[in-house]
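Please read the structure below before turning to the comments.
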Amino acid sequence: MTEIVLPSHADTRGFVFGGVVLEWIDLAAGTSAKKHAVYPCVSRSVDAVHFMHPIRVGDFLIIQASVNRAWNTSMEVGVRVETENAITGKRRYCCHAYLTFVALSPGNDKRAGSPRYNTTTAKVPRIISVTPIEQQRYDNAETRRQARVTKLKHTDDKGHREQHKLEALRELMREWSEHRNTETKSTAELPPLLQEPETYNEQNEEGGTDANDPAKLYLTRRRSTLKGVFPTQPESKYISESFAEIVETVLPQHANTLQITFGGQIMKWMEHCCFVSASRHSRRFLLLASIDSLQFFRPTYVGDCITIRSIISRSFHSSMEAYVSVEAVNLMTGERFFTNDGFYTMVAVDFANAPTPVSNLIPDREEEHEIYKGAEVRRTLRLQQRRELVQKEMATHPEEFEKTQDTNFDSISEQKNYNIVSTS
């Protein structure tokens, strides 16, 4: 696939949202999976994705996808993403991803009425590897599959799986949501034009008549905020202060031919929610650095109401780990169910696109302490994956990692031994 990055895909500074890239990755991988399986395919899981440099409006995004291996009803699809400068033609490596898809066959029971209850898994053809690179991908796919299964079944010392350990936190986030929905007081400030007339009764020292013009006072105040200086933030903030929630209804354009929501669409909404949480914690410009591997436990369908909630679970120097959960409601039956969750890493940058410090995070409740303590382990794993990815790319494309003065997602101290800098 080749996509042109338009302003509608980007933030206010012209950098494309990471969720948009994830959506395109899912579409390309889904197309590849359907070509192989013939049947419609749905996203089952996504391995960790690390973005090596931001993407600007006007760039071309080159997305290549292929099925690496097929099992009984599932397939692993590998995706590589590169950017191409529309003026110079120079290409740069952006990221890669491994997605697992499951083939579904529409059932023959017309009484079911809805595809929600009328689909079955379908057997897919096996992959025949021919070239050495295809054989390497074929072998590595089985290794990654075993790692996914092991992680999904992993339990702690008490026999609790990761999803069960986070259920208490998700319940806490539901309480925050209900509290905000019933809260009647608001701390929002009124813009000058909506304030009481006495606000504008101050006399101009020069006696000018324009001094009391509400419109001109409003414009003056608006201009005075655009000085390029970030507001001062406290040294520490509570986790609850970063809580964010968005609600979306699954429409036909969000789903495949079986009316099942695209996994990329869910990941895009998740990134938007994390963006709000990270903004509330840092009050800085943001870029998506990576997402951890995530599993889709239950599908959602056209007509379902999707609720996405997120918090910042840990902050480091300039990066923030955001935890985001997704639940859905079948509006016909009222059934509410958990679909998936994940961890996104956002990086705060300043006006020069350089990493900038963010406030520390204070876990206030027992449910928050659990996810706060585990963040250090998850961060160590991310950095290890990132270094391995960079070493692999340096071996094949050393010209892409020449030292420049552009934006890097990692702090200099973490990557100073690796001559890697991401390009703005």
Does NZ or CZ of [X] come closer than 6.0 Å to the centre of the six-membered ring of [Y], within 45° of the ring's axis?
X	Y	answer
R309	W176	no
R44	F101	no
R378	F343	yes

Using the side-chain hydrogen bond (donor to acceptor under 3.5 Å, both in side chains) definition, which of the options R170, R174, R298 pairs with E327? R174

If we ignore hydrogens and angles and just use 3.5 Å, is the side chain of [X] paired with the main-chain N or O of [Y] as donor and acceptor?
X	Y	answer
Q146	T143	no
S310	C273	yes
Q265	H254	no
S293	V46	no

For side-chain hydrogen bond (donor to acceptor under 3.5 Å, both in side chains), just list the numbers for N85 and R91, CA-CA rounded to whole Å, side-chain angles, deciding distance to a tenth of an Å, and then say yes or no. CA-CA 7 Å; N85 187 292; R91 283 195 181 190; over 6 Å; no

Provide the full list of salt bridge (charged side-chain N to carboxylate O under 4.0 Å, His left out) pairs with a residue in residues 272-295, sequence neighbours left out, each pair given once. D292-R382

Qualifying salt bridge (charged side-chain N to carboxylate O under 4.0 Å, His left out) pairs, either residue in residues 231-244, two or more places apart: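 Listed once each, the pairs would be none.
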
Within a reach of under 6.0 Å around [atom1] of [X], are more than 12 heavy atoms found that belong to other residues, nucleotides or ligands?
X	atom1	result
E171	CD	yes
Y238	OH	no
Y39	OH	no

Electrostatic pair R80:E82 at N-O distance under 4.0 angstrom: yes

For the residue pair [Y] / [X], report whether a side-chain donor-acceptor contact shorter than 3.5 Å exists.
X	Y	answer
S313	E321	yes
S129	Q135	yes
S43	D26	yes

Indicate, with yes or no, if the rings of F275 and Y344 have centres closer together than 6.0 Å.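 No, they do not, as the ring centres are separated by 6.0 Å or more.
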
Passing option when E76 is tested against R137, R144, R69 for salt bridge (Lys or Arg N to Asp or Glu O under 4.0 Å):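 Among the candidates, only R144 passes.
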
Determine whether E368 and R365 satisfy the following criterion, side chain to side chain contact (heavy atoms under 4.5 Å, CB included), listing intermediate values before the conclusion. CA-CA 5 Å; E368 301 171 358; R365 302 195 184 188; 4.2 Å; yes

Is there a side-chain contact between F243 and M173 in this structure, where contact means two heavy atoms from C-beta onward sitting under 4.5 Å apart?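 Yes - at least one pair of side-chain heavy atoms lies under 4.5 Å apart.
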
Side chain proximity check, H36 to I127, heavy atoms < 4.5 angstrom: yes

